[in-house]
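In what follows, a single structure is set out as structure tokens and then discussed.
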Amino acid sequence: MAMRSVRSALRSGSSSSPSHFLRRCYCSESVPERKVTILGAAGGIGQPLALLMKINPLVSNLALYDIAGTPGVAADVSHVNTISQVAGFMGEDQLGKALEGSDVVIIPAGVPRKPGMTRDDLFNINAGIVKSLCIAIAKYCPNALVNVISNPVNSTVPIAAEVFKKAGTFDEKKLFGVTTLDVVRAKTFYAAKAKVPVSEVNVPVVGGHAGITILPLFSQTTPKSNNLSDEDIQALTKRTQDGGTEVVEAKAGKGSATLSMAYAGAIFADACLKGLNGVPEVVECSYVQSSITELPFFSSKVRLGKNGVEEVLGLGPLSDYEKEGLEKLKPDLKASIEKGIKFAAQS
């Protein structure tokens, strides 16, 4: 697609459209200067995420960090003719400089999932990575909004919380598990099945970010479609829950969901930036500290604002199928949360 038509498509998006985070790319509106740091920027998610954040007009400074390869990624992305200034940082000795002054920190760092591997299999490696990065965040940018992408999110977010508590910097309003990809998938799959425009679809997804802990609330979907059977809804739910596995298997050992995850991560980071800038009624689903169930962390709709989380919104009315799914997911999610807290305490 030619760049002119890309711009046209981006500009035409509504707040619920797939490209809403880019709709002001070429506008000259005055916005506050914001620094975004990506930790793991040379990886499969990090590189496309870096590009998407470079073309976001709300980003004035983009810091790209990884243990290797970042100077090349930064040089490449820096040639894109948008306003943000890009800097690459490599190795642990440059981590502090990458983080200093950050408004939003996005963490896609870690190893990807491979065929036959569950998110739980990733735990020992990625848990340690997230812990060490969060120690640095607590030191160099304790007031930043932290967007955790590294799987298993159900456990890595509680790990981050424990690290920040130990450092005395924890603010429940500023720590997010990025579950936006579950929403993106639910919208895509629902729109195709219901034969409605995907740009108009909104589907809340609650719970966690792995397998049965992912609970799309298709009963609350807008626009409402009356031509889907109970079997259709169950199949859509299962496909949303297994979306990551679908990509892992399709890539046949050569990767996981990197492009769609980068897209989803960019949407959520954009929502955080809009909230910081005072845009009203910015609502996205995210895995946060929560009291809407008995679990300490839970994903639901969250209103974002100048301090991060302004309000954690309730679940709303659930269908009987969704009520059953909610009760089924709780033991798995509880175990994942406890595993993260235990790791943070022992290591």
> Does a sphere of radius 6.0 Å around OH in Tyr140 hold more than 12 heavy atoms from other residues, nucleotides or ligands, not counting ones at 6.0 Å or beyond?
Replying inline: no

> Is Asp103 salt-bridged to Arg34, going by a charged N under 4.0 Å from an acidic O?
Replying inline: yes

>> Side chains of Ser319 and Ser219 only: does a donor on one sit below 3.5 Å from an acceptor on the other?
In response: no

> Can the ring centres of Phe123 and Phe343 be said to be less than 6.0 Å apart?
Replying inline: yes

>> Can you see whether Ser60 engages Gln85 through a side-chain donor-acceptor pair at a distance of less than 3.5 angstrom?
In response: no

> Do other residues, nucleotides or ligands put more than 12 heavy atoms under 6.0 Å from the CG atom of Leu313?
Replying inline: yes

> With distance as the sole criterion, is a donor-acceptor pair present between the side chains of Asn154 and Thr213 under 3.5 Å?
Replying inline: yes

> Can Glu294 and Lys330 be counted as an ion pair, charged N to O under 4.0 angstrom?
Replying inline: yes

> Looking at Lys334 and Glu338, does any basic side-chain N land under 4.0 Å from a carboxylate oxygen?
Replying inline: yes

>> Counting C-beta onward and ignoring hydrogens, is there a side-chain heavy-atom pair between Met90 and Asp66 closer than 4.5 Å?
In response: no

>> Can you confirm whether the side chains of Asp232 and Ser229 place a donor and an acceptor under 3.5 Å from each other?
In response: yes

>> Regarding Glu281 and Arg303, does a basic nitrogen lie under 4.0 Å from an acidic carboxylate oxygen?
In response: yes

>> How about NZ on Lys224, more than 12 heavy atoms from neighbouring residues, nucleotides or ligands closer than 6.0 Å, or not?
In response: yes

> Are the charged groups of Lys323 and Glu327 less than 4.0 angstrom apart, N to O?
Replying inline: no

>> So for atom CD, which belongs to Glu231, do other residues, nucleotides or ligands contribute more than 12 heavy atoms lying within a distance under 6.0 Å?
In response: yes

>> Counting neighbours of CD on Glu33 that are heavy atoms of other residues, nucleotides or ligands and sit closer than 6.0 Å, is the number greater than 12?
In response: no

>> Less than 4.0 angstrom from a charged side-chain N to a carboxylate O is my criterion; do Glu100 and Lys97 meet it?
In response: no

> Going by distance alone, is a donor N or O of one side chain under 3.5 Å from an acceptor N or O of the other, for Ser155 and Lys339?
Replying inline: no

